[in-house]
Novice: 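First the structure, then my questions, so here it is.
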Amino acid sequence: PPSSKKIFAVGGLGYHPRIFIYEYPSMNIIKILKDGAEKGYANMSFNRTGLQLASIGMSPDYMLTIWNWNDEIISLHSKAFSQDVFNVKFSNDNDYRLTTSGIG
């Protein structure tokens, strides 16, 4: 992120899971993101500036969600694909480009 904070994200499993954003090394939860997936998160990735977080939901929804995590706002929430998608990553040189991978 643009500040001196070091952060990481942990996605939950279960009915309407949440994403917890932690500050390191304090391990304090600084943000909680809701409503990005139905049953769990397969993968998450911050963009190069650390201002956005992309997440992929697990089966049965496979939802791709782009978060403005600091404001706890969903910027995009869309079906990623009709089959298993396991990975999402922002481009290293273009924050408007994402790559996903899986089977199918």
Side-chain angles (χ1 to χ4, degrees):
S3 70
S4 61
K5 287 183 182 178
K6 294 181 181 178
I7 58 167
F8 65 96
V10 176
L13 296 173
Y15 185 69
H16 292 288
R18 297 175 290 174
I19 295 173
F20 297 90
I21 308 292
Y22 289 87
E23 185 176 23
Y24 181 84
S26 71
M27 301 301 288
N28 291 327
I29 296 172
I30 56 174
K31 296 292 177 181
I32 299 175
L33 309 178
K34 304 173 191 170
D35 300 325
E38 190 175 320
K39 297 214 174 167
Y41 293 95
N43 191 266
M44 292 172 283
S45 175
F46 286 100
N47 69 344
R48 64 188 160 132
T49 63
L51 297 175
Q52 293 183 318
L53 175 70
S55 64
I56 290 285
M58 298 169 62
S59 178
D61 60 344
Y62 305 112
M63 294 300 288
L64 168 64
T65 307
I66 307 296
W67 306 85
N68 175 342
W69 67 266
N70 199 42
D71 295 327
E72 300 177 27
I73 294 173
I74 293 175
S75 302
L76 172 78
H77 191 62
S78 177
K79 186 85 168 154
F81 202 72
S82 62
Q83 297 182 12
D84 294 1
V85 176
F86 300 122
N87 195 22
V88 62
K89 180 146 178 40
F90 279 97
S91 168
N92 289 333
D93 58 357
N94 184 342
D95 286 341
Y96 297 102
R97 184 176 299 145
L98 287 170
T99 301
T100 61
S101 61
I103 61 173

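These figures come from a predicted structure and were not determined experimentally. We count residues from 1, following the sequence as given.
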Novice: Is there a path of hydrophobic side-chain contacts, each under 4.5 Å between heavy atoms of I, L, V, M, F, W or Y residues, that connects I29 with Y24?
Specialist: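 I29 clusters together with Y24.
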Novice: Using the salt bridge (Lys or Arg N to Asp or Glu O under 4.0 Å) rule, take D95 and R48 through it: C-alpha gap first, then chi angles, then the decisive distance, then the call.
Specialist: CA-CA 7 Å; D95 286 341; R48 64 188 160 132; 3.3 Å; yes
Novice: Working to the nearest 0.5 angstrom, can you tell me the gap between S78 OG and Y62 OH?
Specialist: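 Here the interatomic distance stands at 15.5 Å.
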Novice: Is there a path of hydrophobic side-chain contacts, each under 4.5 Å between heavy atoms of I, L, V, M, F, W or Y residues, that connects I32 with M27?
Specialist: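 Yes, one cluster joins them.
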Novice: When you measure from the side chain of K31 to the backbone N and O of N70, does any donor-acceptor pair fall under 3.5 Å?
Specialist: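 Yes, because the side chain of K31 sits within donor-acceptor range (under 3.5 Å) of the backbone of N70.
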Novice: Could you tell me whether a side-chain N or O of N94 sits under 3.5 Å from a main-chain N or O of Y96, the two making a donor and an acceptor?
Specialist: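 Checking the backbone N and O of Y96 against the side chain of N94, a donor-acceptor pair under 3.5 Å is found.
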Novice: State plainly whether one hydrophobic cluster holds both W69 and I19, where clusters connect Ile, Leu, Val, Met, Phe, Trp and Tyr through side-chain heavy atoms under 4.5 angstrom apart.
Specialist: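 They do share one cluster, since a chain of ILVMFWY contacts under 4.5 Å joins W69 to I19.
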Novice: Of the non-hydrogen atoms in G50 and I7, which two are nearest, and what is the gap between them?
Specialist: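 Shortest heavy-atom separation between G50 and I7 comes out as O-CD1, 4.5 Å.
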Novice: Is the Y22 ring parallel, tilted or perpendicular to the F8 ring (thresholds 30°, 60°)?
Specialist: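 Taking F8 first and then Y22, their aromatic rings lie parallel (interplane angle under 30°).
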Novice: Would a distance-only check, ignoring hydrogens and angles, find a side-chain to backbone donor-acceptor pair under 3.5 Å from N47 to F90?
Specialist: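 No: the side chain of N47 does not pair with the backbone of F90.
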Novice: Quick check: does any side chain N or O of K79 sit under 3.5 Å from a backbone N or O of D61, one acting as donor and the other as acceptor?
Specialist: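 Confirmed, K79 side chain pairs with D61 backbone.
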Novice: Is any side-chain heavy atom of K39 less than 4.5 Å from a side-chain heavy atom of P60?
Specialist: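 In short, these two side chains touch, coming nearer than 4.5 Å.
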Novice: Find the distance between CG (N28) and CD (E23) and round it off to the nearest 0.5 Å.
Specialist: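 If I round to the nearest 0.5 Å, the distance is 6.5 Å.
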Novice: OH of Y41 to CD1 of I56: how many Å apart, nearest 0.5 Å?
Specialist: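 CD1 of I56 is found 11.0 Å from OH of Y41.
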Novice: To the nearest 0.5 Å, what is the distance between CH2 on W67 and CG on L53?
Specialist: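 It comes to 8.0 Å.
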Novice: As an exercise, state the distance from CG of N43 to CG of N87, rounded to the nearest 0.5 Å.
Specialist: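 Result: 4.5 Å between the selected atoms.
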Novice: Take M63 and H77, measure what side chain to side chain contact (heavy atoms under 4.5 Å, CB included) needs, and give me the verdict at the end.
Specialist: CA-CA 7 Å; M63 294 300 288; H77 191 62; 3.5 Å; yes
Novice: Can you see which heavy atom on P17 is nearest to which on A37, and at what distance?
Specialist: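 So the two residues come closest at CD-O, 3.4 Å.
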Novice: For the pair T65 and L33, evaluate side chain to side chain contact (heavy atoms under 4.5 Å, CB included) and give the outcome as yes or no after the intermediate values.
Specialist: CA-CA 11 Å; T65 307; L33 309 178; over 6 Å; no
Novice: Quick check: closest heavy atoms across A54 and L98, and the distance to 0.1 Å?
Specialist: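 Shortest heavy-atom contact: CB-CD2, 4.1 Å.
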Novice: Taking all atoms of both residues into account, what is the closest heavy-atom pair of V10 and M44, and its distance?
Specialist: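 In terms of heavy atoms, the two residues are closest at C-CE, 3.7 Å.
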